[in-house]
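Convention: sequence-line order gives letters A, B, ...; per-chain numbering from 1.
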Number of protein chains: 4
Amino acid sequence: MRLKDDEKTTNIYRAAIQVINSEGFEGSSMSKIAKLSDISPATIYLYFENKDDLLKKLYIEMKSRMGNSYFTKEMNLSSTKATFRALWLNHYQYITENMDAFIFIENFANCPLIKRIENEYNLDYCPTFEQLFEQAKTEKLIMTLDNDIIYSHLFAPINYLVKKAKANSTAISLPDLIQIFECSWKSISY
Amino acid sequence: MRLKDDEKTTNIYRAAIQVINSEGFEGSSMSKIAKLSDISPATIYLYFENKDDLLKKLYIEMKSRMGNSYFTKEMNLSSTKATFRALWLNHYQYITENMDAFIFIENFANCPLIKRIENEYNLDYCPTFEQLFEQAKTEKLIMTLDNDIIYSHLFAPINYLVKKAKANSTAISLPDLIQIFECSWKSISY
Amino acid sequence: MRLKDDEKTTNIYRAAIQVINSEGFEGSSMSKIAKLSDISPATIYLYFENKDDLLKKLYIEMKSRMGNSYFTKEMNLSSTKATFRALWLNHYQYITENMDAFIFIENFANCPLIKRIENEYNLDYCPTFEQLFEQAKTEKLIMTLDNDIIYSHLFAPINYLVKKAKANSTAISLPDLIQIFECSWKSISY
Amino acid sequence: MRLKDDEKTTNIYRAAIQVINSEGFEGSSMSKIAKLSDISPATIYLYFENKDDLLKKLYIEMKSRMGNSYFTKEMNLSSTKATFRALWLNHYQYITENMDAFIFIENFANCPLIKRIENEYNLDYCPTFEQLFEQAKTEKLIMTLDNDIIYSHLFAPINYLVKKAKANSTAISLPDLIQIFECSWKSISY
DNA sequence: TATGAATGAGCCTTCATTCAT
DNA sequence: AATGAATGAAGGCTCATTCAT
């Protein structure tokens, strides 16, 4: 008896992202994913109930990895500008190093299937984030704004710019990167 | 005869957006669009070459309407904070009043089909915008940043927040709205 | 615009019976039926919702034709042995002349799908039959038995024998046929 | 080891009948049968060549058990009405006590696969039956009819009625049972 | 022997598109 | 110009069967 291969799930995920990113959600098919994973279409159904299940689990996995990308183990979470900058740069590093996953999440965050998942699970920014925001507000480091507003000014611009750079096949220079963070920081700090 | 044609095209556009937004890109089909437009599938092919052509033209139409949404005829385009605020609020008003079109554009701006269109045409923010940015930079109203960076800090946060509000079926309060603009403005101005 | 072809339904029915009888219920497939009907598989779905719907309608149609086979227009329905013999022979003639339909009904009368149909509709022998049985009992022509028991002795033997003859590729001789009816008649008459 | 094998075969048979009767021939699958037998699909293939082989052997086994059901060891096979009644009641008892097997045989006796088996083997009523019929004819106990005709009048009605009762979830009363036999007997006796 | 993993073939169904009126 | 009918190709999924342990 063969053993269920754990690596297979990873392969399927990778193939799925690749197919979807290059051919779009509607251009993706189980057989294309199977072919790229080098397995039979039927085998996918040993690891996932059906296509929806595969996409759901894939999205949840990628979203949660991205959620963890802000933080590193040895990180000092005191509420200082330096902490925010570190989080922000961690995030930037993650999305540039995992561009495929990032694009996948951004592209399909709003498709109906994924919408249902977002409502089912809570895949928003994690509690640690909220605590940090609250503390920073208390300490008058940042302005007393709704957390969503803070988050949007911190991350929406860089996400937008990374996608744009990718689309134009250009890169963001280091000085620009610093500049972008400074702008974001300025928008929410006193 | 011209009038009738135009009306039909509009109906098809409206139906297409509706179907796609509610059932996703992959859940959309020509016959569903036809049914919702109250015409025969075959008739769509008198107005559009094929599905891709329909989607392309639809996207271009919506994107260009959105591009125009920033400006109103009687607008004073002098480079002042007031002008930026007016542009910004025009945009906000447009996307909330045309949520369907906005969601459609946001959802599918990154799908492979649309990508090709973006590269073919130039659907970015219009020349007027660029002129305004340049003038504002010259006049030291805003910092000397890349136009993309300026644009991203001005509009990415509000776009993110509008989508989020829509997803949560909540609304942005007027004070919050002002606050959001002030943050964006702060990020790019001196 | 082409008109929906009424003959097509008939063709599909004929093909379905042929495929099912020769390859069994489980060996039947929409594409085989389509091929034998000389149409595209997709076209079947313009006439029937799905496979179940096709089989249901096919069964109901055949069963109802068979139900009508006992009677002819000019028939005298007085309760005499001659009437019973006429009914019986009509039935015999029908099943031998429509062997395919008969075999189809017999083979699949007990399959789960059909079971559900039988319960939904009432496809048993018709009211006219029941009236005739009751009258014959009142007039002491046949014994006072449950209608099902009467029906079973009248028709189960000949049905069995027709199927058996078909399986052996033999035929029932006319004297045998008369004999069979006489036996059946003896079993229920005084 | 032999014992264990036999037990497994029995389990497979039981599971197969159960699955087929409840989900139909086309709804049955090797994995469903395996699951219900509490063994792996692969194991079935150690006991049977393939699905057809399983079904064939299952049918032959059930048919032969049913063939034996008419007779009991201590039975007096003299050609009298009492003997016929005893055979008939044995058969009735068997099919009511082994309804699943009976339904299975009746349902699929005419399916193409089984047809081939019937022709290959001779699974008809056994030689003993034929002898009894011949003797009874010689002794003028029953009429000089073809054996098939005799058999059909003796057993087709009760088989039909048992299936019908099962379908309607009703039972045949004892007086009715006696009556049914008497009718059958009348139809073939002088 | 016994098994769960793996698979190519095939099934039902839908789709974008064309046909014929 | 407009349409409902028609279709080949493709999609998701399951199945009987084999593999590898």
Side-chain angles (χ1 to χ4, degrees), chain A residues 1-6 8 26-35 37-55, chain B residues 1-2 4-5 8 26-35 37-55, chain C residues 1-6 8 26-35 37-55, chain D residues 1-2 4-5 8 26-35 37-55:
Chain A
M1 190 198 65
R2 264 173 280 182
L3 278 175
K4 221 163 175 175
D5 193 348
D6 209 23
K8 219 154 250 171
E26 84 295 3
S28 75
S29 79
M30 293 301 259
S31 46
K32 280 180 195 162
I33 295 170
K35 198 162 287 170
S37 316
D38 230 0
I39 59 175
S40 157
T43 306
I44 298 185
Y45 289 85
L46 296 178
Y47 293 81
F48 301 95
E49 273 177 55
N50 50 37
K51 197 184 182 187
D52 270 20
D53 184 50
L54 163 56
L55 294 178
Chain B
M1 281 305 98
R2 211 83 281 279
K4 206 172 173 203
D5 286 5
K8 223 156 235 171
E26 83 293 6
S28 75
S29 81
M30 292 300 259
S31 40
K32 278 181 197 161
I33 294 171
K35 199 162 287 171
S37 320
D38 235 355
I39 60 175
S40 158
T43 306
I44 296 184
Y45 286 82
L46 299 177
Y47 292 82
F48 301 95
E49 270 177 59
N50 51 35
K51 198 185 182 185
D52 271 18
D53 184 51
L54 163 56
L55 293 178
Chain C
M1 190 198 64
R2 262 174 283 181
L3 278 175
K4 221 163 177 176
D5 194 348
D6 209 22
K8 221 155 247 173
E26 83 297 2
S28 74
S29 80
M30 292 302 259
S31 46
K32 281 179 195 164
I33 294 171
K35 198 163 288 171
S37 317
D38 230 0
I39 59 175
S40 157
T43 306
I44 297 184
Y45 289 83
L46 297 178
Y47 294 82
F48 301 95
E49 272 177 56
N50 51 37
K51 197 185 181 186
D52 270 21
D53 185 49
L54 163 56
L55 294 178
Chain D
M1 283 300 100
R2 210 79 285 278
K4 207 171 169 203
D5 285 7
K8 224 157 232 170
E26 83 294 7
S28 75
S29 81
M30 291 302 259
S31 41
K32 277 181 197 161
I33 294 170
K35 199 162 288 169
S37 320
D38 236 354
I39 60 175
S40 158
T43 306
I44 296 185
Y45 286 83
L46 299 177
Y47 292 82
F48 301 95
E49 272 179 56
N50 51 34
K51 197 186 183 185
D52 271 18
D53 184 49
L54 162 56
L55 294 178

DNA chain F: 5'-proximal contact among C:Ile39 and D:Ser29 (nearest heavy atom)
C:Ile39
Closest-nucleotide mapping onto DNA chain F: is A:Ser28 or C:Pro41 further toward the 5' terminus? I mean the 5' end.
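It is C:Pro41, whose closest nucleotide lies nearer the 5' terminus.
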Could you tell me if the side chain of D:Lys8 sits less than 4.5 Å from the side chain of D:Ser37, heavy atoms only?
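No, every pair of side-chain atoms sits at 4.5 Å or beyond.
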Hey, is the side chain of [X] poking within less than 4.0 Å of OP1 or OP2 on [N], counting only N and O atoms?
| X | N | answer |
| --- | --- | --- |
| C:Lys8 | F:dA6 | yes |
| D:Ser40 | E:dA2 | no |
| A:Tyr47 | E:dA6 | yes |

Whole Å only: how far is the [atom1] atom of [X] from the [atom2] atom of [N]?
| X | N | atom1 | atom2 | answer |
| --- | --- | --- | --- | --- |
| C:Phe48 | F:dA5 | CZ | P | 14 Å |
| A:Asp38 | E:dG8 | CG | P | 10 Å |
| D:Tyr45 | F:dA20 | OH | P | 18 Å |
| C:Lys51 | E:dC11 | NZ | P | 9 Å |
| D:Asp53 | F:dA16 | CG | C1' | 14 Å |
| C:Glu49 | E:dC12 | CD | C1' | 14 Å |
| C:Glu26 | E:dA9 | CD | P | 21 Å |
| B:Met30 | E:dC15 | CE | C1' | 10 Å |

So which atom in D:Asp53 and which in D:Phe48 form the shortest heavy-atom distance, rounded to 0.1 Å?
OD2-CA, 3.5 Å
Closest approach of B:Ser40 and B:Ala34, non-hydrogen atoms and distance?
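Closest approach of B:Ser40 to B:Ala34, heavy atoms only: C-CB, 4.0 Å.
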Nucleotide forming a Watson-Crick or wobble pair with E:dG8, both distances under 3.5 Å:
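Looking at the geometry, E:dG8 pairs with F:dC15.
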Considering every strand shown, what is the Watson-Crick or G-U wobble mate of F:dA1 when both distances are under 3.5 Å?
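Looking at the geometry, F:dA1 pairs with no nucleotide.
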Taking the side chain of [X] as heavy atoms from C-beta outward, which of [options] is closest to it?
| X | options | answer |
| --- | --- | --- |
| A:Leu46 | E:dA5, F:dG4, E:dC15 | E:dA5 |
| B:Ser31 | E:dC15, E:dT7, F:dG8 | E:dC15 |
| D:Thr43 | E:dT14, E:dA2, E:dG4 | E:dA2 |

Taking C:Lys32 for the side chain and C:Gly27 for the main chain, is one N or O donor matched with an acceptor at less than 3.5 Å?
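Between the backbone of C:Gly27 and the side chain of C:Lys32 there is a qualifying donor-acceptor contact (under 3.5 Å).
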Check: B:Thr43 side chain, B:Ile39 main-chain N or O, donor-acceptor pair, under 3.5 Å:
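Looks like no, no N/O pair under 3.5 Å.
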On DNA chain E, nearest-nucleotide positions of D:Ile44 versus B:Asn50: which is more 5'?
D:Ile44
